[in-house]
Amino acid sequence: MNVLVDIAKFIVNEILAVPAYLIGIITAIGLIALKKSTGQVVGGAIKATLGFLLIGAGATLVTASLEPLGKMITGSTGSHGVIPTNEAIVGIAQSEYGSRVAWLMILGFLVSLLLARFTPLSYVFLTGHHMLFMATLLTMVLATAGVTSWVVVVAGGVLLGIMLVAMPAFAHPWTKRVTGNNSVAVGHFGTAGYIVSGATGQAIGKKSRSTEEMNLPEGLRFLRDSMVATALSMVIIYMIMAIVFLAKAGKTEAFQAYAAGKGDPGSTGIGNYLMSSLGQGLQFGIAVAVILFGVRTILGELVPAFQGIAQKVVPGAIPALDAPIVFPYAQNAVLVGFICSFTGGLVTLGLLAGVLNPAFGTALVLPGLVPHFFTGGAAGVFGNATGGRRGAAVGAFLNGVLITLLPAFLLGVLGSFGSANTTFGDADFAWFGLIIGNAAKAGSVAGIVLMLLIGAAILVAAIVWQKKVVDTGWDPGAARDKHLPAQARPTLQAQETSAPTTTREYAKIAPPAGAPQPPRPEDM
């Protein structure tokens, strides 16, 4: 009998409690369900396990590269400064909450499938890394509030499942405006920024011409490489803060930013100090690249397994895919959106530094190129679809405000992780984390009830929105079409979708002539 107990303890403590092994096992189960060969099952499970281990390795590099920058920001401004990077904060959290994150993510996906099967929200969220990020956020917020582990997993899994089907529904009228049909949805937790941008375009851009009538320099295209964009943004930030810190604190204190321990003089001169700053910026780019590679390695095996299961459980589902799915529809709008979102981040940073930090002690959220490129670019596409150039520019600017202002307040519910020099970078993580985090502070029982009521309210709102707005074919850009020349107006096209005809047969706005068709889910 003792042998059986020891075996059970070994399985629970040494295998199921290790996130990397758990992800590998779940991947294997999914591949077996898809009737893959033995070699594919074993290979997929090992790759997923190695991917999770890579995340931990990258997190160690991120922490090391951010430490000197934290000293510089604090020394220069007297304030805590952070750089929102989803991969970085998730990697750091894995060491403490890894197993709970894994279980929560799995349960959340299963809940989302049930909701997609039995409610009008027929969306299957396939952006696996954002599923992982939201699972991590919920785990951190709930655990920080003192909720027990099993409640973290169960309550967090229900909330995650609701978000996975609700957010694609809220964005879907604008998504259809961009793509021209109902075959794909946006599954990305920057949705609040996209809706704000699309609504802004509706309000101010009725007579504005499209961004696609503009010619932008090819020289900016290199920013689409996330590793290059990350490294470049961090090098710029590091060099600026290094110079400011040196000017304010002097050589002795500034050089200590790179001291490895007591007695270490740190930098040996101004040249060495500046080059160390450049090197740390590049090191951060490498660290995020390692984490990204780990995430992609996991998801390359895990998402196909989830997708295959989803196709069997939710017939006629609409796949909700990553935000760049909309980039091909307005490539100029992507760059306009990125630049304007980044500008919004800089303006909001000034607001934080000049007003909110002195008044409320909020952290300084430094704009990073990666979140502003991806969410700002998508916001530009949404704004352009309803309001042309004006909608793309102003809508993306407001997105930049959101992803700079909201993360500053999110830090207050992240507990000890609030001082990690990084945080979550997209709008939905911030507003949802704030609401759930503050609800959790109501106490163990009252907090759980309040959180679940919030989740239920979001679910009901999404179902009503789906029935009353999405399924009726409301077009958020119809007002703008009235002001366009007749030859430039989008034309109605028959809906092509595998969704049930009882709820999905209605006309859609076709994309402009020459626009690409949506990528097929099997190509993603």
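Nothing here was measured: the structure is a model prediction, and the numbers come from that model.
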Between Tyr123 and Phe170, is a ring-ring contact (aromatic ring centres under 6.0 Å, His included) present by the stated rule, with each step listed? CA-CA 11 Å; Tyr123 304 96; Phe170 287 131; over 10 Å; no
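The aromatic ring centroids of Tyr194 and Phe189 lie 6.0 Å or more from each other.
For residues 131-160, the set of pairs meeting the ring pair (Phe, Tyr, Trp, His ring centres under 6.0 Å) definition, not counting sequence neighbours, comprises His129-Phe133, His130-Phe133.
At distances below 3.5 Å, not a single donor-acceptor pair connects side-chain atoms of Ser341 with backbone N or O atoms of Phe338. Looking at Arg177, its side chain does come within 3.5 Å of a backbone N or O of Ala385 through a donor-acceptor pair. A donor-acceptor distance shorter than 3.5 angstrom exists from the side chain of Asp428 to the backbone of Thr191, with no hydrogens or angles considered. A distance-only check finds no donor-acceptor pair linking the side chain of Asp322 to the backbone of Thr127 [under 3.5 Å]. Between the side chain of Asn384 and the backbone N or O of Gly380, no donor-acceptor pair lies under 3.5 Å.
A heavy-atom distance below 4.5 Å is not found between the side chains of Val151 and Leu142. The shortest side-chain heavy-atom distance between Leu137 and Leu410 falls under the 4.5 Å cut-off. Proximity of Asn181 to Lys176: side-chain heavy atoms (C-beta onward) are nowhere separated by under 4.5 Å. With a 4.5 Å cut-off on side-chain heavy atoms, Pro84 and Val365 count as touching. The shortest side-chain heavy-atom distance between Leu160 and Phe109 does not fall under the 4.5 Å cut-off.
The two residues Lys467 and Pro120 make their nearest non-hydrogen contact at CE-CG, 3.5 Å.
Considering CG of Leu104 and OG1 of Thr139, their distance stands at 4.5 Å, rounded to 0.5 Å. Rounding to the nearest 0.5 Å places OG of Ser112 at 10.0 Å from CG of Leu107. In this structure, the separation between CG on Leu164 and CG on Leu115 is 9.0 Å, given to the nearest 0.5 Å.
No donor-acceptor contact under 3.5 angstrom links the side chains of Ser197 and Asn399, judged on distance only. With no hydrogens or angles considered, no side-chain donor-acceptor pair links Asp426 and Thr375 at under 3.5 Å.
Applying ring pair (Phe, Tyr, Trp, His ring centres under 6.0 Å) to Phe424 and the options Phe432, Trp431, Phe429 leaves one that passes, Phe429.
Residues that satisfy the ring pair (Phe, Tyr, Trp, His ring centres under 6.0 Å) test with Trp474, not counting sequence neighbours, are Trp174.
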